[in-house]
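Quick caveat: nothing in here was measured; it's all calculated off a predicted structure. Per chain, numbering begins at 1; letters A, B, ... match sequence-line order.
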There are 2 protein chains.
Amino acid sequence: MDADKVFKALGDPTRRTLLDLLCEKNGQTLGELCDHLDMTRQSATQHIGLLEAANLVTTVRRGREKLHFINPVPLHEVYERWVRKFERQRLSLLHDLKKELEGE
Amino acid sequence: MDADKVFKALGDPTRRTLLDLLCEKNGQTLGELCDHLDMTRQSATQHIGLLEAANLVTTVRRGREKLHFINPVPLHEVYERWVRKFERQRLSLLHDLKKELEGE
DNA sequence: CCAATATGCAGGCATTTACCTGCATGTCAA
DNA sequence: TTGACATGCAGGTAAATGCCTGCATATTGG
């Protein structure tokens with residue numbers, strides 16, 4: 001997994017909206033997705049390109065259409081690497097801060 | 001939670017490194033953190049500013065020092081909102097794609 | 001007090017990003 | 001076949017980002 005690509009891809013509201021749209025209805029065409037976005041098709045294409053580069057979305061061509069599918073695997077890897085790590089120490093981390101605020 | 005600030009904050013390798021550094025040793029000063037980064041103190045300060053804005057890091061002043069603490073809560077909220085949602089549908093999402101690749 | 005230390009603030013610059021317009025290509029259906 | 005439809009590709013611009021230098025402020029220890 002390229003963590004940087006995944007995080008950068010997630011760091012834009014339009015691209016997160018695209019993932020939400022695909023979560024509601026997987027396999028949508030480019031045109032369908034654009035109908036829900038307030039920008040030109042070309043701009044949306046660029047966003048999707050980043051999602052593909054991050055491997056968060058996979059596309060399949062069907063005739064003149066391009067179908068889009070979510071790939072949940074990178075998100076899971078982000079969770080394993082970034083969320084669980086801090087989650088595991090959640091209480092102790094807050095404990096450190098509390099102690100400091102109390103003056104040692 | 002401001003999802004956009006959190007994702008934008010996570011979308012930079014320097015800032016993820018900072019979180020890792022704080023996970024190894026919570027409550028470090030600005031100077032300590034800078035020792036591990038290949039950039040000026042001023043640049044690091046800007047990165048930390050974004051982490052604070054995203055509420056991923058909390059700071060406490062102690063004399064002339066500034067101590068930094070991780071706040072794991074936003075990360076957990078990211079997980080709840082963005083990872084679990086897709087995780088829950090993981091199998092069915094892949095199923096959709098498989099069906100499409102097989103030609104319906 | 002005063003020099004060393006730790007951090008804050010302002011501005012400048014190069015790169016990246018996000019958006020656009022204009023045009024090209026490929027596919028379907030009558 | 002041909003017009004309508006779905007998408008691809010190539011720039012161009014304004015704003016955001018990341019990094020820097022230079023200087024200001026505040027705290028501590030001798």
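Residues Leu75(A) and Leu56(A) have side chains in contact (heavy-atom distance under 4.5 Å, counting atoms from C-beta outward). Counting heavy atoms from C-beta on, the side chains of Leu67(B) and Thr59(B) never come closer than 4.5 Å.
Here the closest non-hydrogen pair linking Leu21(B) and Gln28(B) is O-NE2, 3.0 Å. Closest approach of Pro13(A) to Lys8(B), counting heavy atoms only: CD-NZ, 4.5 Å. Shortest non-hydrogen contact noted between Val60(B) and Phe69(B) is CG2-CE1, 4.1 Å.
Across the helix from dC1(C)-dG30(D) to dA30(C)-dT1(D), the helix axis at one end is tilted relative to the axis at the other end by 30° (nearest 10 degrees, each axis from five pairs).
Here Arg84(B) pairs with Glu80(B) under the salt bridge (Lys or Arg N to Asp or Glu O under 4.0 Å) rule; sequence neighbours left out.
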For nucleotides 19-30 of chain C, give me one character per nucleotide, 5' to 3': B if any protein heavy atom sits under 4.0 Å from the base, S if the only such contacts are to the sugar-phosphate, - if neither. BBBB---BBS--

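Across the protein-nucleic acid pair, Leu37(A) atom CG and dT7(D) atom C1' stand 16 Å apart, rounded to whole Å. The separation between Lys5(B) atom NZ and dA16(D) atom C1' is 15 Å, rounded to whole Å. The separation between Ile48(B) atom CD1 and dG8(C) atom C1' is 13 Å, rounded to whole Å. Atom pair Leu30(A):CG and dC9(D):P shows a separation of 12 Å (rounding to whole Å applied). Nucleotide dT7(D) holds its P atom 12 Å from the CD atom of Glu52(A), rounded to whole Å. In this entry the distance linking CZ of Arg16(B) with C1' of dG18(D) reads 15 Å, nearest Å.
Here the two rings, on Trp82(B) and Tyr79(A), have centers that are 6.0 Å apart or farther.
Nearer to the 5' terminus of DNA chain D, by closest-nucleotide assignment, is the contact made by Thr45(A) (compared with the other of Thr45(A) and Gly11(B)).
Under 4.0 angstrom from either OP1 or OP2 of dA16(D) there lies no side-chain N or O belonging to Lys8(B).
Between the side chains of Ser43(A) and Thr40(A), at least one donor-acceptor pair of N or O atoms lies under 3.5 Å.
Within the 3.5 Å criterion, the main-chain N or O of Thr29(B) finds a donor-acceptor partner in the side chain of Glu32(B).
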